[in-house]
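Single-structure report; data block below.
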Amino acid sequence: MAPAKHRDLNSLPGKLLPWFERHARDLPWRTLPADRAVGERPDPYRVWLCEIMMQQTTIPHGTPYFHAFTERWPSVEALAAAKDEDVMSAWAGLGYYARARNLLKCAREVTARGGFPETEAELRKLPGIGPYTAGAIAAIAFDQKAAAVDGNVDRVFARLLALKGEWAAEKKVIAETVRALVPEDRPGEFAEALMDLGATVCTPTKPNCLICPVSDLCAARAEGEPERYPIKPAKVAKPVRYGTAYVLRVKDQVLLVRRPDKGLLGGMLALPTEDWVEGGFAETRPPATAEWEDIGEVRHVFTHFALRFRVMRAEAARKPKIPGAIWTNANAVKGLPSVFEKAYKLALK
DNA sequence: AAGGCGGGGTG
DNA sequence: CACCCAGCCTT
C-alpha cells in the first residue's frame with residue numbers, strides 16, 4: 001500500500017491559516033477571521049446566496065447581484081415569497097439560469113422546513129446545491145468539518161501534488177486529499193483560505209510562488225513549472241449557430257415572450273426567435289406579418305456554441321394575436337439575458 | 001462519464 | 001482566438 005499523498009501535506013493548514021489571517025479577501029458575505037475569533041458567524045442565507053451566485057462566476061461580476069438580492073430580499077423567507085418573474089429578472093445577465101430557478105425552489109424548501117439544514121449531507125439534497133456548495137455552506141456557515149473544493153482548490157492541489165493523470169480521476173484524488181486536511185476547529189476559514197490562495201497567489205497563468213505560504217510543500221514548484229498544472233483535456237471547438245430575433249413594435253409597446261423552463265435561457269424573458277441552427281441563416285418565420293427590416297447582427301458566445309444573431313425589426317399599427325405574448329413598454333424593457341439585451345439595444349438605434 | 005448550461009474578463 | 005471563473009443537473 002503506497003502512502004497516501006496527503007501525508008506530505010499535514011503541515012498545510014498550520015501554514016495556510018496564519019497566512020489567511022493576514023491576507024483574506026474582504027468580501028461582502030464574509031465574516032473575517034478576527035470577527036470569527038470573537039464568536040461572530042455569517043448569516044447562512046447570505047452564505048448560501050453568495051455560493052450559488054458565484055458558481056462559475058467571477059467575483060467582480062457577481063458581487064453587484066449579491067448586493068441587489070440581499071437588499072431586495074433580506075432573508076430566505078423574503079426570497080421564498082418573491083414572484084418567480086421578479087427573481088428571474090433580477091438574475092438576468094448573470095447566466096446559468098437554472099441556478100435562479102433552483103434558488104427559488106431551494107428558498108421555498110428551506111422556508112417550509114424552518115431554516116437551512118446544517119450538515120453537508122442534508123444540504124446536498126437541496127436543489128442547486130452540489131458537492132462544492134454543500135461543503136462550503138456546512139463549513140463556512142455551520143462550522144462543520146467539510147471540504148469545499150472549487151476550481152481554485154483543484155488547481156492548488158493539482159500543483160501541490162503535481163498530478164499528471166487523467167483529470168477527472170485526479171479531481172477525485174484532490175477531493176479526498178482536501179477532505180483529510182480539513183481542521184476540526186476552523187473548517188470555514190480553511191475553505192476560504194484555500195480559495196483565496198488559488199484566487200490571489202496560485203493563479204491560473206502566473207502563480208506567484210515567491211509569496212506562497214505553502215510553496216515548500218509544492219511538488220509542481222519543485223519541478224519548476226507550476227503553471228503547467230492542472231493538466232486538463234483539450235476543449236472541443238465551438239460550432240457556430242445562426243438565428244434571428246424579432247423586435248415588433250406597436251406604438252410604445254414591444255413584443256416579448258417567456259422561454260420554456262427547460263433548456264437554454266430557460267424561464268427567461270426574451271425576444272421572439274426560432275431555433276438556432278448550424279450552417280447558416282434559415283428561412284425567417286417572424287411572429288407576425290409586417291414590413292420586417294434587417295437591422296444587423298450581434299454575436300454572442302455560449303458555453304458550447306457561438307451564435308450569430310440577426311435582428312429584424314417591424315412596426316405594426318395594432319397588436320396581433322400572439323399566444324404567450326408579453327407586451328412591454330419599449331423604454332422599460334429589463335430582465336433580458338445578455339444575448340437578447342444586445343439584440344434589443346441594436347434595434348433601438 | 002459526458003454533455004448542456006452564460007457571461008464577462010484576461011492574455 | 002483560448003482559457004478561466006466560489007459547479008450543478010440530466011442523461
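To find a chain, count down the sequence lines: A is the first, B the second, and so on, and within it residues start at 1.
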*Send over the distance from A:Trp48 CH2 to C:dG7 C1', rounded to a whole Å.*
16 Å
*Which nucleotide sits closest to the side chain of A:Asn102: C:dC9, B:dG7, C:dG7?*
C:dC9
*Starting from the 5' end of DNA chain B, give me the residue, A:Lys206 or A:Val301, whose nearest nucleotide shows up first.*
A:Val301
*Base, sugar-phosphate, or nothing for A:Leu49, non-hydrogen atoms under 4.0 angstrom?*
nothing
*Quick one: do the A:Tyr45 and A:Glu77 side chains pair a donor with an acceptor below 3.5 Å?*
no
_What is the distance, to the nearest angstrom, from the CE atom on A:Met268 to the P atom on B:dG4?_
21 Å
_Atom-pair distance (CZ on A:Arg30; C1' on C:dA6), nearest Å_ = 9 Å
*Identify whether any heavy atom of A:Trp29 sits under 4.0 Å from a base atom; if not, whether one sits that close to sugar-phosphate; answer base, sugar-phosphate or nothing.*
base
*Take atom CG of A:Asp154 and atom P of C:dC4, then tell me their distance rounded to the nearest Å.*
12 Å
*Please state how far atom CZ in A:Arg228 lies from atom C1' in C:dC3, giving the value in whole angstrom units.*
18 Å
*Protein-nucleotide distance (A:Glu51, atom CD; C:dA6, atom C1'), rounded to Å*: 5 Å
*Could you check whether A:Ile52 gets within reach of a base, just the sugar-phosphate, or nothing at all, counting any heavy atom under 4.0 Å?*
nothing
*Out of C:dA6, C:dC5, B:dC5, whichever nucleotide has its closest atom nearest the side chain of A:Arg155*: C:dC5
*Only one of A:Arg285, A:Glu274, A:Arg313 passes side chain to side chain donor-acceptor pair (under 3.5 Å) with A:Tyr246; say which it is.*
A:Glu274
*Looking at the side chain of A:Val339, which of B:dC5, C:dA6, B:dG7 is the nearest nucleotide?*
B:dG7
_Value in whole Å for how far the C1' atom of C:dC8 lies from CG of A:Leu104_ = 17 Å
_Residue A:Lys172, side-chain atoms from C-beta onward, closest of B:dG6, B:dA1, C:dA6_ = B:dA1
*Separation of the C1' atoms in C:dC5 and B:dG6, to the nearest angstrom*: 12 Å
*With heavy atoms under 4.0 Å as the rule, sort A:Tyr96 into base, sugar-phosphate or nothing.*
base
*When you measure from every atom of DNA chain B, which of residues 117-135 of chain A have a heavy atom less than 4.0 Å away?*
none
*Ring centres of A:Phe20 and A:Phe190 under 6.0 Å apart?*
no
*Euclidean distance, atom NE2 of residue A:His300 to atom P of B:dC5 [Å, nearest integer]*: 13 Å
_Nucleotide of C:dC5, C:dC4, B:dG7 approaching A:Lys235 most closely (side-chain heavy atoms)_ = C:dC4
*Ring centroid separation for A:His300 and A:Phe302, is it under 6.0 angstrom?*
yes
*Are more than 12 heavy atoms from other residues, nucleotides or ligands located less than 6.0 Å from atom NZ of A:Lys345?*
no
*Which residue, A:Ala234 or A:Gly198, contacts DNA chain C at a nucleotide closer to its 5' end, judged by nearest heavy atom?*
A:Ala234
*Determine the interatomic distance between C1' on C:dA6 and the same-named atom on B:dG11; round to the nearest Å.*
23 Å
*asked:* Expected output is a numbered-order residue list: members of residues 54-73 of chain A with a heavy atom under 4.0 Å from any atom of DNA chain B. What is it?
replied: A:Gln56, A:Thr57, A:His61
*Looking at side-chain heavy atoms only, is the closest gap between A:Arg259 and A:Leu264 below 4.5 Å?*
yes
*asked:* Any base atoms under 4.0 Å from A:Gly263, or only sugar-phosphate, or nothing? Heavy atoms, all strands.
replied: sugar-phosphate
*So A:Phe116 and A:Trp48, would you call those rings parallel, tilted or perpendicular, with 30° and 60° as cut-offs?*
tilted
*asked:* Do A:Asn152 and A:Leu197 make a side-chain contact, defined as non-hydrogen atoms from C-beta onward lying under 4.5 Å apart?
replied: no
*Is there a donor-acceptor contact under 3.5 Å linking the side chains of A:Thr31 and A:Arg36?*
no
*Measure from the side chain of A:Phe302, starting at C-beta and using heavy atoms only, and say which of C:dC5, B:dG7, C:dA6 lies closest.*
B:dG7
*asked:* Pair A:Trp29, A:Asp43 - check side chain to side chain contact (heavy atoms under 4.5 Å, CB included), show working.
replied: CA-CA 8 Å; A:Trp29 46 86; A:Asp43 175 3; over 6 Å; no
*Take atom CD in A:Glu278; do more than 12 heavy atoms of anything else shown fall under 6.0 Å from it?*
yes
